[in-house]
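Data first, discussion second: the structure below is written as structure tokens.
Treat the numbers as computed from the prediction; the structure is a model and nothing was measured. Just so it is clear: chains get the letters A, B, ... in the order the sequence lines come, proteins before strands, and each one is counted from 1.
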Amino acid sequence: AQTIHQWPVAEIKAVGSPLSLGCTIKGKSSPNLYWYWQATGGTLQQLFYSITVGQVESVVQLNLSASRPKDDQFILSTEKLLLSHSGFYLCAWSPENSDYTFGSGTRLLVI
Amino acid sequence: GQQVQQSPASLVLQEGENAELQCNFSSTATRLQWFYQRPGGSLVSLLSNPSGTKHTGRLTSTTVTKERRGSLHISSSQITDSGTYLCAMTTNTGKLTFGDGTVLTVKP
């Protein structure tokens, strides 16, 4: 069975500090991977997607970047956090044109 | 405009009543997927179907792709059903787009 693991569970970070969020998929080779973000009280938005190692497409510009260094790993990062980066970050995977499965998410508070 | 619109925004029921949640979408969707969002934010996938009707337990999802609408029916609602229900559509590019959600409150 496939499992999806996100880390950390929660973070409190200062404005201007760097950030790295991770996501690992086990039990599935070459999954399509996605990062989603939800501001408090807001709608889930897709930020990035990746269909293969080393290839990442940006959907929404939020001064964030994403990388896929391994087949089963998706990283979301920035060198300088903004207050507007606060929210809930979800990683997801899907087989092509099929249902999405989401991780448990990372809650980020930027102060 | 918003690609996925959910209604109502909020719904209050007495325990045992049925709930009907609506979802309308503006683009050609290949499937609708319904999620329950836990208070902590994580998502639970409930039902997904490209068209027609699908059941699981007390949940029934109906998608009418040609009319760009779908619905989630919850029968005999329970207090533990309270929370946010999200409708999301998948397009032929594989992108999943969410609605704003329906907040369901079931009272004893």
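Hydrophobic clustering keeps A/V53 apart from A/I25 (ILVMFWY residues linked when any side-chain heavy atoms are closer than 4.5 Å, directly or through intermediates). Following chains of ILVMFWY side-chain contacts shorter than 4.5 Å, one cannot reach B/V103 starting from B/F98, and the two form parts of different hydrophobic clusters. Taken together through direct or relayed side-chain contacts under 4.5 Å among Ile, Leu, Val, Met, Phe, Trp and Tyr, A/F102 and A/V60 form part of one hydrophobic cluster. Taken together through direct or relayed side-chain contacts under 4.5 Å among Ile, Leu, Val, Met, Phe, Trp and Tyr, A/W37 and A/V15 form part of one hydrophobic cluster. In terms of hydrophobic clustering, with Ile, Leu, Val, Met, Phe, Trp and Tyr side chains grouped at heavy-atom distances under 4.5 Å, A/V56 and A/I51 are assigned to a common cluster.
Within a 6.0 Å sphere centred on CG of A/L83, other residues, nucleotides and ligands contribute more than 12 heavy atoms.
Between the A/Y36 side chain and the B/L96 main chain, a donor and an acceptor come within less than 3.5 Å of each other.
Residue pairs meeting the side chain to side chain donor-acceptor pair (under 3.5 Å) criterion with at least one member in residues 76-86 of chain A, sequence neighbours excluded, are A/S65-A/S77.
Against chain A, the residues from residues 35-54 of chain B that qualify, each with a non-hydrogen atom under 4.5 angstrom away, are B/F35, B/Q37, B/G40, B/G41, B/S42, B/L43, B/S48 in number order.
Residue A/Q38 touches chain B through its side chain alone, counting heavy-atom pairs closer than 4.5 Å. For A/L44, the parts sitting under 4.5 Å from any heavy atom of chain B are the backbone and the side chain alike.
In this structure, CD on B/Q3 lies 12.0 Å from OG1 on A/T43, to the nearest 0.5 angstrom.
Between A/V59 and B/K95, the shortest heavy-atom distance links the atoms CG1-NZ, 3.6 Å. Residues B/R31 and A/D99 approach most closely at NE-OD1, 2.9 Å, considering heavy atoms.
The candidate from A/Y34, A/Y49, A/F88, A/Y100 with the greatest count of non-hydrogen atom pairs under 4.5 Å with chain B is A/Y100.
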